[in-house]
Number of protein chains: 2
Amino acid sequence: MDTEQTRRPTLDTVARAVGVSRATVSNAYNRPNQLSAGLRTRILEVADRLGYLGPDPVARSLATRKSAAVAFMLRSGLSSAFSDPALTIMLDALAATVDGRDHALVLLAGNESGGPRPDSVARAQADVVVAYSLPDTAPALTAVRQRRLPMVVVDQPATGGAARVELDDFGGTQAAGRYLTELGHRDFGVISLTLQPDGRNGPAAPERRTGSPFRVTRERLSGYIDALTAVGIAPEGVPVWEAATSDREHGRTAARWLLQQNPRPTALLCMSDELALGALQGARDVGLSVPQDVSVVGFDDTPPAGVADPPLTTVRQPLVEKGRLAGELALTLLDGGRPSRPVRLDVELVVRASSAAPIR
Amino acid sequence: MDTEQTRRPTLDTVARAVGVSRATVSNAYNRPNQLSAGLRTRILEVADRLGYLGPDPVARSLATRKSAAVAFMLRSGLSSAFSDPALTIMLDALAATVDGRDHALVLLAGNESGGPRPDSVARAQADVVVAYSLPDTAPALTAVRQRRLPMVVVDQPATGGAARVELDDFGGTQAAGRYLTELGHRDFGVISLTLQPDGRNGPAAPERRTGSPFRVTRERLSGYIDALTAVGIAPEGVPVWEAATSDREHGRTAARWLLQQNPRPTALLCMSDELALGALQGARDVGLSVPQDVSVVGFDDTPPAGVADPPLTTVRQPLVEKGRLAGELALTLLDGGRPSRPVRLDVELVVRASSAAPIR
DNA sequence: GGACTGTACTGAAGCGCTTCAGTAGAGTCC
DNA sequence: GGACTCTACTGAAGCGCTTCAGTACAGTCC
């Protein structure tokens, strides 16, 4: 007898209590115009009295094949969503766009392989997924495709009908590189984002630099290299440090190593502001001053770049715009819209005090 | 005929193809030891060939009543999770703790009422929920209780068996206030976090200051007031500005108004670093310098506080520890553990250059 | 060689909901 | 007053999976 008390009420409980069919109770919640206002009120009252909270989300999802959530696939741990400024700003804009759509945001953590495990994708309850800067080879991408979930990809090549927003990464680093060569720099060091999805951290031999599955890394590297070869610098001679993650600690380590090379670089080309900010510290560690002894350029133009000491010369990318666009594309797909042509965003070189002509 | 081709394969499809029962296919995925290794391999092969991705997450959730997700209830929009430094740092630590548990993180956006709408809570697919600094009266809390989901609350009173982690907010602001009175300050202005859940922004009359449903605001205000009354200052005479959200823009506006009051405060007591950072700018706006003309203290000790100009005197709270603890409590509840006694974290006054004795 | 024990697998009953094709009955129309 | 249309509601078939109580059968034991 008492078991009815302890079990959570369901549609059925309410239907029985009111003396109508289950379908009618369902309609009371989902299609108010399918029943008389009076009955509806009565149903809702009884439901309330019984402590029934409305249709169970999971059961509803099963029946409707919708889950009212947007999934976001991260390249690494959940934590990166809250600690990497470039990602945070983008997610912020994405969230703000998707907000008010009554969809929750599901964050899918990635691991070393670059992106979430396929089974956590298979398991995720979402109607649309946004992938951000995963390696082209990420198993997670295949999993999404197999589930036939609509997807928008950011900063990576589109695969099989995904909507895409991307950046002129190449143009950005090329501009930064050219700016430095024009200042007269000839000895460079590169602090790179991950080149290969094996979590390595350290100097990257030339073999490792080609065919990176990370579009962003690939493009940014090509842009820098392009600018250097344009003035006759041989790419193989340029030392590259590959940072396992984009944070200051890795940038610092990288800079310390690069500034020990011979010839010592007079300019450090970084692939993110966080790395560049770390490089600033690294230079200080080895007793060099920026920009007198060494110039440092970053990428992203996140807020810390502007207030760094010295303020960072960097390539500005429209992070907010990127997030907003990704959000809008996700909403379009959610409504059954077809993915439009890839959207490409422009970048802009922002010159500040961390760069100067080399001392002859 | 062809419809079989276009429909997504299910457990049944695979079972039929292999010629075994559905239960056996289910076992192949969930309880490998319940069938022979050979059969299992065969099933997995066929599944793979058919493009079957493994049990559908929603159906599985319905059958098991588990969803492999942790929900986080935000007081305001999704976006605050990525833009408020104090929140970001805590979430980062929480995420890092929960990570590797194969649970996704579901972010539930709040609205003006303070926290998510009850129906979005009712709809959320999660096994445990973490509530952060919601008003005591938040409908979302009731909804969680009705769903009988385990909950851990952070920075708010526990209700009905929730696990809790909280801060010595009172002690923190009391210490900050006392420090300033000891320096000789007697004229104060307070920049407060939201007092009442109606989204108001502006000067807060004394009626509005009592009985705030926000524990954090309540405690921090009491701490400040306590320190002031201790030296004979009447609380009603202290101007308080209530900021609708904790960001710099609001802090700036608040400071401009407070510094126009008569007598002009010689110290601004802020309830967050973001507000204090804005107050720094606000003081500058009206031609006052910090700390010569006016002292400013914050709360949180987020990274920007340390690098502000001038660096901010503030109350440090262990944000990382807070997030980590919340994560661990969530994991405990997830495993069916009972909530332990509330955990209370200590704070510490960090004196930097934004505060000084008033000029006589 | 009969009783017992595993092992490997199956059938069927849910999990809680949505939705579609109806049906009953009241109202409208000429 | 018969044909038609609405409105308000119901019955039942899923959605795709897990799980529990079996069953069948081979192996072990004395």
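Protein chains get the first letters and strands the later ones, always in sequence-line order, with residue 1 at the start of each. Just so it is clear, the values below take in all heavy atoms, side chains as well, and ignore hydrogens, waters and symmetry mates.
With a heavy-atom cut-off of 4.0 Å to chain A, the contacted part of DNA chain C has its first and last nucleotide at C:dC15 to C:dT19.
Nearest-nucleotide mapping onto DNA chain C: of B:Val20 and A:Ser26, the residue sitting toward the 5' end is B:Val20. Residue B:Ser21 is the one, among B:Ser21 and A:Val25, whose nearest nucleotide of DNA chain C lies closer to the 5' end (criterion: closest heavy atom).
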Given side chain to side chain contact (heavy atoms under 4.5 Å, CB included), test B:Leu329 with B:Val130 step by step and report yes or no.
CA-CA 9 Å; B:Leu329 290 175; B:Val130 180; over 6 Å; no
Start with the C-alpha distance between B:Val165 and B:Val153, add both sets of side-chain angles, then the distance that settles side chain to side chain contact (heavy atoms under 4.5 Å, CB included), and finish with yes or no.
CA-CA 6 Å; B:Val165 10; B:Val153 303; over 6 Å; no
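Of the residues in residues 34-46 of chain B, none lies under 4.0 Å from DNA chain D by heavy-atom distance. Annotation: proximity of residues 58-69 of chain B to DNA chain C (heavy atom, distance under 4.0 Å) is found for B:Leu62, B:Ala63, B:Arg65, numbered in ascending order.
Residue pairs meeting the salt bridge (charged side-chain N to carboxylate O under 4.0 Å, His left out) criterion with at least one member in residues 51-77 of chain A, sequence neighbours excluded, are A:Asp56-B:Arg65, A:Arg65-B:Asp56.
Checked against salt bridge (charged side-chain N to carboxylate O under 4.0 Å, His left out), B:Arg40 has no partners two or more places apart in sequence or in another chain. Residues meeting the side-chain hydrogen bond (donor to acceptor under 3.5 Å, both in side chains) test with B:Arg145, sequence neighbours left out: B:Thr159. For B:Asp155, the salt bridge (charged side-chain N to carboxylate O under 4.0 Å, His left out) partners are B:Lys322, not counting sequence neighbours. Under the rule for a salt bridge (charged side-chain N to carboxylate O under 4.0 Å, His left out), the partners of B:Arg324 that lie at least two apart in sequence or sit in another chain are B:Glu321, B:Glu328. For A:Tyr52, the ring-ring contact (aromatic ring centres under 6.0 Å, His included) partners at least two apart in sequence or on another chain are A:Tyr29. Considering only residues two or more places apart in sequence or on other chains, B:Pro342 meets the side-chain contact (heavy atoms from CB on, under 4.5 Å) condition with B:Arg164. By the salt bridge (charged side-chain N to carboxylate O under 4.0 Å, His left out) test, B:Asp12 is found to be paired with B:Arg16, B:Arg22, residues two or more places apart in sequence or in another chain being considered.
As judged by a 4.0 angstrom heavy-atom cut-off over every strand, B:Thr10 is placed among residues touching the sugar-phosphate backbone only. Heavy atoms of B:Tyr29 sit nowhere under 4.0 angstrom from any nucleic acid atom.
When atom types are taken as modelled, the side chain of B:Thr88 and the backbone of B:Asp84 share a donor-acceptor pair closer than 3.5 angstrom. Listed for the B:Thr97 side chain is no donor-acceptor partner under 3.5 Å among the backbone atoms of B:Gly327.
Summary for the helix from C:dG1-D:dC30 to C:dC30-D:dG1: the axes at its two ends, each from 5 pairs, differ by 30° when rounded to the nearest 10 degrees.
With hydrogens and angles left out, the side-chain atoms of B:Ser80 and B:Ser83 include no donor and acceptor closer than 3.5 Å.
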